[in-house]
Amino acid sequence: MTIPEEIRQKAKLNVGDKLIWQYDETRSEIIVMSKPKSFSEKLWGLGKEVWEKESVDEYVKKERENW
């Protein structure tokens with residue numbers, strides 16, 4: 001599939017980049033995104049705001065005490 005150059009530039013895609021296709025049934029839309037070279041790097045830090053108010057170490061300690 002050929003993606004117009006203007007769209008490739010806006011999406012920071014290069015010719016030959018791999019894409020991920022997904023269909024959103026709720027919105028009846030096709031979602032296309034670039035496939036990351038490393039999923040672990042792409043997801044690094046995701047959800048970090050969850051730990052803003054609580055120390056991770058304290059949370060793990062409390063969970064272990066409940067076992």
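Ser40 is linked by a side-chain hydrogen bond (donor to acceptor under 3.5 Å, both in side chains) to Ser38, counting only residues two or more places apart in sequence or in another chain. For the salt bridge (charged side-chain N to carboxylate O under 4.0 Å, His left out) test, no residue two or more places apart in sequence or in another chain qualifies with Glu5. With sequence neighbours excluded, the residues satisfying side chain to side chain contact (heavy atoms under 4.5 Å, CB included) with Val15 are Arg8. Partners of Trp44 by side chain to side chain contact (heavy atoms under 4.5 Å, CB included), not counting sequence neighbours: none found.
Met33 and Ile30 end up in different hydrophobic clusters when Ile, Leu, Val, Met, Phe, Trp and Tyr side chains are linked at under 4.5 Å.
Sorted by first and then second residue, the side-chain hydrogen bond (donor to acceptor under 3.5 Å, both in side chains) pairs involving residues 54-67 (not counting sequence neighbours) are Glu54-Lys62. For residues 28-49, the salt bridge (Lys or Arg N to Asp or Glu O under 4.0 Å) pairs, not counting sequence neighbours, are Arg27-Glu29.
Interatomic distance, CD1 of Ile31 versus CH2 of Trp21, reported as 12.0 Å (0.5 Å rounding).
In this structure, Leu46 belongs to a hydrophobic cluster whose other members, linked by side-chain heavy atoms under 4.5 Å apart, are Leu43.
Contact of the Leu19 side chain with the Ile3 side chain is registered, since non-hydrogen atoms from C-beta on lie closer than 4.5 Å.
In plain terms, the two heavy atoms of Leu13 and Ser34 that are nearest each other are CD2-CB, 3.4 Å.
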